[in-house]
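See structure below.
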Number of protein chains: 2
Amino acid sequence: MTPLTYLTDITSLLSLSMAKAQRPKASKKEFILQKAATMFREKGFSATSMRDLAEAVGIEAASLYNHIQSKSEMLQEIIFRMANNCNVQIENMENDDINSLKKIELLIRFHVQMMLSRFDDYYVMINEWIHLSEPYLTNFTTQRRVYVQKMENIINDGIRNKEMKPVMPYIAMLSILSSVRGLEFWHRSTKKISPTELEDNMVSFLINGLKK
Amino acid sequence: MTPLTYLTDITSLLSLSMAKAQRPKASKKEFILQKAATMFREKGFSATSMRDLAEAVGIEAASLYNHIQSKSEMLQEIIFRMANNCNVQIENMENDDINSLKKIELLIRFHVQMMLSRFDDYYVMINEWIHLSEPYLTNFTTQRRVYVQKMENIINDGIRNKEMKPVMPYIAMLSILSSVRGLEFWHRSTKKISPTELEDNMVSFLINGLKK
DNA sequence: CCTACCGATCGGTAGG
DNA sequence: CCTACCGATCGGTAGG
């Protein structure tokens, strides 16, 4: 089984071009959301104005509202789609018959791949969730709490099965997710390291901290 | 030598109470900067208004300008003070006669301690630098580039001296700094783990990825 | 999808 | 340190 097995359904979630062919309206909305994600990442949600966004899209600010409901709604869509991707991934994996160390490796690979291939969306989820309004804010933080708990549970299992060193699961989980987040650095850099090299080396460094 | 040796000069840089006793004006400015750092962290620089800040300080918005020049200037002061702390730390250490692995351990401890004891300032430096205006923006990113290069160099030395595994220094540096950043999680949590426990376990997890 | 426009709020200043 | 206020810009709406 290759590490990519778990990622097969993600391309369908990405379905930008599909949507474009099938529903022109949805496509324009997707286009707007993509530009919004890029600007939210570059300038932050609060510092991005609807007029800036409209200019990037190529229409007047007022016209945006034919496609989206509000600035907040765009943030919600960007974040909860990405959160769903993450939830689907870990739930598919949980009941799978592979050992805990391999599960963690696959999770690291999944997150690195998300961070590299869907940089804007992933970055916005991680850095701009604070600007969600209620009840979305609580919804998100709850989902995140559940997610990281699942990850800690996998590490706990690994320690009990003697597959892993007796590290503090909380610290390992935190370091893994944070290290992936740190790849924003690489994204801003001259990219002398290839995505594959990056992924493999990150896996190897982090797994070294876990493996017996 | 205890890991804290390198931190002795930091308390003098923190000198909030000293300034309070000596120069009342400077003290009020410090008070404002501290409130600003907290709000910039909680809501982001752009979403923090001078009126919000004024209310937290207990004066009218216009009165803030008797103590500070502008909203931007506050961000600059918060960020460059913290950046200076980091630079002082690594420069003091560079020419020191300890091995590379110990240097990295001390750097991890330094960053964890900064993240825990000066959460607002550290967080603002890491997350809000993007809102600096030129020439401060370039100044900051340059300082950061130099800093992480120094850290990579230490890891490179460690590998050449056979103290460390042949990891990719870039990845190790990135994971270390990102893991510390991830402690914002802990800061928002119920804090069932003590700062010391946190520091020691983070050191041990990350050093495991490096140590032969 | 546009023009025209709304009330609210922004960072900051004048003058005392 | 305050009152009073500035021009600019914000997210969003009406109406076509």
Side-chain angles (χ1 to χ4, degrees), chain A residues 19-20 23-79 124 128-137, chain B residues 19-20 23-79 124 128-137:
Chain A
K20 194 176 288 180
R23 297 176 299 166
K25 268 287 171 53
S27 161
K28 188 61 175 273
K29 181 170 180 179
E30 286 309 317
F31 183 71
I32 291 169
L33 285 177
Q34 180 207 313
K35 293 284 183 194
T38 304
M39 299 191 79
F40 290 169
R41 171 182 64 76
E42 287 174 346
K43 313 173 60 161
F45 175 75
S46 297
T48 300
S49 76
M50 296 303 275
R51 284 155 181 83
D52 289 340
L53 176 59
E55 200 188 336
V57 172
I59 55 178
E60 291 300 313
S63 304
L64 288 171
Y65 292 88
N66 288 305
H67 302 283
I68 53 108
Q69 306 269 10
S70 67
K71 192 184 175 188
S72 299
E73 187 220 33
M74 290 191 292
L75 184 67
Q76 290 152 23
E77 292 217 19
I78 292 165
I79 290 180
V124 168
E128 303 295 318
W129 62 267
I130 196 78
H131 298 107
L132 287 169
S133 50
E134 293 293 3
Y136 303 99
L137 182 60
Chain B
K20 197 177 286 181
R23 298 175 298 165
K25 268 286 173 53
S27 161
K28 188 60 176 274
K29 181 171 180 178
E30 286 308 316
F31 183 71
I32 291 170
L33 285 178
Q34 181 207 311
K35 292 283 184 197
T38 304
M39 300 191 79
F40 290 168
R41 171 181 65 76
E42 287 173 347
K43 312 173 60 162
F45 176 75
S46 297
T48 300
S49 76
M50 295 303 274
R51 283 156 182 84
D52 289 339
L53 175 58
E55 200 188 337
V57 171
I59 56 179
E60 291 299 314
S63 305
L64 287 172
Y65 292 88
N66 289 306
H67 302 284
I68 53 109
Q69 305 270 9
S70 66
K71 193 183 175 188
S72 299
E73 188 221 31
M74 289 192 292
L75 184 67
Q76 290 152 23
E77 292 218 19
I78 292 166
I79 289 180
V124 168
E128 302 296 317
W129 61 269
I130 195 78
H131 297 107
L132 288 169
S133 50
E134 294 291 4
Y136 303 99
L137 182 60

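Model, not experiment: these values are computed from the prediction.
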Close side-chain approach of [X] to [Y], heavy-atom, < 4.5 Å:
{"X": "B:S133", "Y": "B:Q76", "answer": "yes"}
{"X": "A:K28", "Y": "A:V57", "answer": "yes"}
{"X": "A:M50", "Y": "A:M74", "answer": "yes"}

**Message:** If you count every heavy atom of other residues, nucleotides or ligands that lies below 6.0 Å from B:E42 atom CD, does the total exceed 12?
**Reply:** yes
Nearest whole angstrom, please: distance from the [atom2] of [N] to the [atom1] of [X].
{"X": "A:N66", "N": "D:dG12", "atom1": "CG", "atom2": "P", "value": "14 Å"}
{"X": "A:K43", "N": "D:dC10", "atom1": "NZ", "atom2": "C1'", "value": "13 Å"}
{"X": "A:R51", "N": "C:dC10", "atom1": "CZ", "atom2": "P", "value": "16 Å"}
{"X": "A:D52", "N": "D:dC10", "atom1": "CG", "atom2": "P", "value": "6 Å"}
{"X": "B:I59", "N": "C:dG12", "atom1": "CD1", "atom2": "C1'", "value": "14 Å"}
{"X": "B:K71", "N": "C:dT9", "atom1": "NZ", "atom2": "P", "value": "15 Å"}
{"X": "B:L64", "N": "C:dA14", "atom1": "CG", "atom2": "P", "value": "17 Å"}
{"X": "B:I68", "N": "C:dG11", "atom1": "CD1", "atom2": "P", "value": "10 Å"}

**Request:** Give A:S72 one of three labels, base, sugar-phosphate or nothing, depending on what nucleic acid heavy atoms sit under 4.0 Å from its own.
**Result:**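 Touches nothing.
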**Asked** Phosphate oxygens OP1/OP2 of D:dC1: is one of them under 4.0 Å from a side-chain N or O of B:K28?
**Response** yes
**Any A:S49 side-chain nitrogen or oxygen under 4.0 Å from OP1 or OP2 of D:dC10** = yes
**Message:** Both A:G58 and B:Q69 contact DNA chain C. Taking the nearest nucleotide for each, which residue is further toward the 5' end?
**Reply:**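 Residue closer to the 5' terminus by nearest nucleotide: A:G58.
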Taking the minimum atom-to-atom distance to the side chain of [X], which one of [options] wins?
{"X": "A:H67", "options": "C:dG12, D:dC10, C:dC1", "result": "C:dC1"}
{"X": "A:A62", "options": "C:dC2, D:dT3, C:dC5", "result": "C:dC2"}
{"X": "B:M50", "options": "D:dC2, C:dC2, C:dG11", "result": "C:dG11"}

**Message:** For C:dC5, give the paired nucleotide (Watson-Crick: N1-N3 plus N6-O4 or O6-N4; G-U: N1-O2 and O6-N3; both under 3.5 Å), or none.
**Reply:** D:dG12
**Prompt:** Do any N or O atoms from the side chain of A:S46 and from the backbone of B:S46 form a donor-acceptor pair under 3.5 angstrom?
**Reply:**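 Flag not set: sc A:S46 to bb B:S46 has no pair under 3.5 Å.
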